[in-house]
Amino acid sequence: QVQLVESGGGLVQSGGSLRLSCAASGSILRFNAMDWYRQAPGKQRELVASIHIDGATNYADSVKGRFTISRDSAENTGYLQMNNLKPEDTAVYYCSALLTAAGTPTRDYWGQGTQVTVSS
């Protein structure tokens, strides 16, 4: 059974950094692409960053220049490096990965979410 497990969230002061990880487990044949989303209390979930199957990346305007998305296909793990964090970055962060697993069609899988809190 394929699972995505996120880690790396926590409490940090404004201007600090965190690195989120999203590890896929199971019979993974290929780690294709990944998105990171976040959802703050009372707000809709928003797309923060994407890395596509060809390695191209996209970022929300609010995080450009501060966040970096990457993946290690050999380790079936994706990352979101977050620098110069601001209080408005406070949210639950979710990863979604497009995975090819043995015996199943290629599809998106979701992590459970990890809380990021930035204090001012």
Using the side-chain contact (heavy atoms from CB on, under 4.5 Å) rule, take Val12 and Thr117 through it: C-alpha gap first, then chi angles, then the decisive distance, then the call.
CA-CA 6 Å; Val12 65; Thr117 303; over 6 Å; no

For the pair Val116 and Leu18, evaluate side-chain contact (heavy atoms from CB on, under 4.5 Å) and give the outcome as yes or no after the intermediate values.
CA-CA 9 Å; Val116 171; Leu18 286 173; 3.9 Å; yes

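Here ring-ring contact (aromatic ring centres under 6.0 Å, His included) pairs that include residues 40-66, with residues two or more places apart or in two chains, number zero. Residue pairs meeting the ring-ring contact (aromatic ring centres under 6.0 Å, His included) criterion with at least one partner in residues 73-109, sequence neighbours excluded, are absent. Sorted pairs that involve residues 1-36 and meet ring-ring contact (aromatic ring centres under 6.0 Å, His included), not counting sequence neighbours, are lacking altogether.
Here the CG-CD distance, from Leu4 to Gln112, works out to 8.5 Å after rounding to the nearest 0.5 Å. Taken to the nearest 0.5 Å, the CG atom of Asn76 stands 9.0 Å off from the OG atom of Ser25. A distance of 5.5 Å separates OG in Ser96 from CG in Asp35, rounded to the nearest 0.5 Å. Separating the CZ atom in Arg107 from the CG atom in Leu99 is a distance of 8.5 Å, to the nearest 0.5 Å. The OG atom of Ser50 lies 6.0 Å from the CG atom of Asn58; values are rounded to the nearest 0.5 Å.
Checking side-chain atoms of Glu6 against main-chain N and O of Gly113 turns up a donor-acceptor pair under 3.5 Å.
With sequence neighbours excluded, the residues forming a salt bridge (charged side-chain N to carboxylate O under 4.0 Å, His left out) with Glu46 are Arg38, listed by chain and number. Applying the side chain to side chain contact (heavy atoms under 4.5 Å, CB included) test to Ser14 and every residue at least two apart in sequence or in another chain returns Pro87, Val118. Not counting sequence neighbours, Asp54 has no partner by the side-chain hydrogen bond (donor to acceptor under 3.5 Å, both in side chains) test. For Ala33, the side chain to side chain contact (heavy atoms under 4.5 Å, CB included) partners are Leu98, not counting sequence neighbours. Under the rule for a side chain to side chain contact (heavy atoms under 4.5 Å, CB included), the partners of Arg66 that lie at least two apart in sequence or sit in another chain are Val63, Asn84, Lys86, Asp89. Looking at residues two or more places apart in sequence or on another chain, you find a side chain to side chain contact (heavy atoms under 4.5 Å, CB included) between Lys43 and Ala40. Annotation: ring-ring contact (aromatic ring centres under 6.0 Å, His included) contacts of Tyr37 (sequence neighbours excluded): Trp110. Taking Ser73 as the reference, Arg71 meet the side-chain hydrogen bond (donor to acceptor under 3.5 Å, both in side chains) condition, with sequence neighbours excluded.
Side chains of Thr106 and Asn32: no donor on one and acceptor on the other come within 3.5 Å.
Met82 is not listed as a side-chain neighbour of Ser17, based on a closest heavy-atom distance of 4.5 Å or more. You'll find the side chain of Val92 stays beyond 4.5 Å of the side chain of Thr114, heavy atoms only. A heavy-atom distance below 4.5 Å is not found between the side chains of Phe67 and Asn83. Counting heavy atoms from C-beta on, the side chains of Leu80 and Arg19 never come closer than 4.5 Å. Between Gln115 and Thr90, the closest side-chain pair of non-hydrogen atoms falls below 4.5 Å.
With a 4.5 Å cut-off between side-chain heavy atoms of Ile, Leu, Val, Met, Phe, Trp and Tyr, the cluster of Leu11 takes in none.
What you find for Ile51 and Ser70 is that their closest heavy atoms are CD1-CA, 4.1 Å.
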